[in-house]
Number of protein chains: 2
Amino acid sequence: MQQLDNTFTALSDVTRRAIVARLADGEQSLSKLAEPFEMSQTAVSKHVRVLSDAGLVIVEKRGRIRHCKLDAAPMKEAIDWLKYYEAFWADKFASLTKHLAKD
Amino acid sequence: MQQLDNTFTALSDVTRRAIVARLADGEQSLSKLAEPFEMSQTAVSKHVRVLSDAGLVIVEKRGRIRHCKLDAAPMKEAIDWLKYYEAFWADKFASLTKHLAKD
DNA sequence: TTAATACTAAACCATATAGTTCAGTATTAA
DNA sequence: TTAATACTGAACTATATGGTTTAGTATTAA
């Protein structure tokens, strides 16, 4: 429950989703990760902390460098929660009539 | 992008997820919806507003009653976003090959 | 016509979030 | 040994969020 809160909250920010997307291409140091964003490294560090608290990113310190890598496992719970509602949009006919009813 | 923000934010609260779950069983008036929660109707009304702004709930006024119904469609975008990362937990081998393929 | 119902709006409060800057620590390179 | 790098922590700011209460409106029932 709290895990779902953390996962959805972590993913509700566009910067954090971008961090996740970048980490899908492989491990990155925190500073490399911060480079493309138009905000301080401290700000990115805090975003990584939110992701790390949610278990979506694992940070490992080797020397002075923090290596960040993705752990998508907590997303499973979120996707399972969402999948329950798939029936409410997946049915094309239901979806169409629902759409037409919008007028 | 903003839609994804809205969807994930809307679903990051346990009360709002409970509202969604109840609406999956069918349309409900706002007051009926508010009954089981240990907070004011005003608070529930605000939660419904967040869900409605995210497009997850459609509120229709008939007489003095606001009928709330689920529209799960915006969840599709969220589930699609999450599905991209399924490979990173669903299958260790797939995750590895995906990672290697990125080079 | 009056009273009850089903809300919304506004004002307020406490805490959380997203950002900043500045100072400090740990590690590595020169 | 000194200087640079890669961070974190603390203090601060502005705005958002989740809740409250009070007051008011629209609709229905008596």
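Just so we're on the same page: letters track the sequence lines, and every chain starts at 1. Note that the coordinates shown come from a computational prediction; the quantities given were computed from them, not determined experimentally.
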(request) Could you list where the contact with chain A starts and ends along DNA chain D, reading 5' to 3', using a 4.0 Å heavy-atom cut-off? (result) D:dA4 to D:dA11
(message) Closer than 3.5 angstrom, by distance alone: can the side chain of A:R17 be matched with the main-chain N or O of A:L11 as a donor-acceptor pair?
(response) yes
(message) Just to verify, which of A:L23, A:D71, A:L33, A:V50 counts as forming a side-chain contact (heavy atoms from CB on, under 4.5 Å) with A:V57?
(response) A:L23
(request) Would you confirm whether A:Q3, through its side chain, and A:A54, through its main-chain N or O, come within 3.5 Å as a donor-acceptor pair? (result) yes
(request) Would you jot down, in residue-number order, the residues of residues 37-62 of chain A having a non-hydrogen atom under 4.0 Å from DNA chain D? (result) A:Q41, A:T42, A:S45, A:K46, A:R49
(message) Please compare A:R16 and A:G63 by the position of their nearest nucleotide in DNA chain C and report the one closer to 5'.
(response) A:R16
(message) Measure CZ/A:R64 against C1'/C:dG24 and give the value in whole Å, please.
(response) 16 Å
(request) Compute whether any side-chain donor of one residue and acceptor of the other, for A:H67 and A:E27, lie under 3.5 angstrom apart. (result) yes
(request) For the residue pair B:F8 and B:W81, categorise the inter-ring angle as parallel (less than 30°), tilted (30 to 60°) or perpendicular (more than 60°). (result) perpendicular
(message) Using a strict heavy-atom distance below 4.0 Å, which residues from residues 2-10 of chain A are in contact with DNA chain D?
(response) none
(request) Kindly give the heavy-atom pair with the smallest separation between A:Y85 and B:A21, and that separation in Å. (result) OH-CA, 3.2 Å
(request) Answer with yes or no whether the hydrophobic clustering places B:I79 together with B:V20; edges join I, L, V, M, F, W, Y residues whose side-chain heavy atoms lie under 4.5 Å apart. (result) yes
(message) Let's test this: given Watson-Crick or G-U wobble pairing with both distances under 3.5 Å, identify the partner of D:dA26.
(response) C:dT5
(request) For B:S12 and B:T9, indicate whether the former's side chain and the latter's backbone hold a donor-acceptor pair under 3.5 Å. (result) yes
(message) Let's go through A:K76 and B:E86 carefully: what are the C-alpha distance in whole Å and the side-chain angles of both, what is the deciding distance for side-chain contact (heavy atoms from CB on, under 4.5 Å) to 0.1 Å, and is it a yes or a no?
(response) CA-CA 8 Å; A:K76 181 162 168 39; B:E86 214 162 22; over 6 Å; no
(request) Determine which nucleotide pairs with D:dC12, using a 3.5 Å limit on both distances of a Watson-Crick or G-U wobble pair. (result) C:dG19
(message) Within the structure provided, determine whether B:K61 and B:I65 are in side-chain contact (heavy-atom separation under 4.5 Å).
(response) no
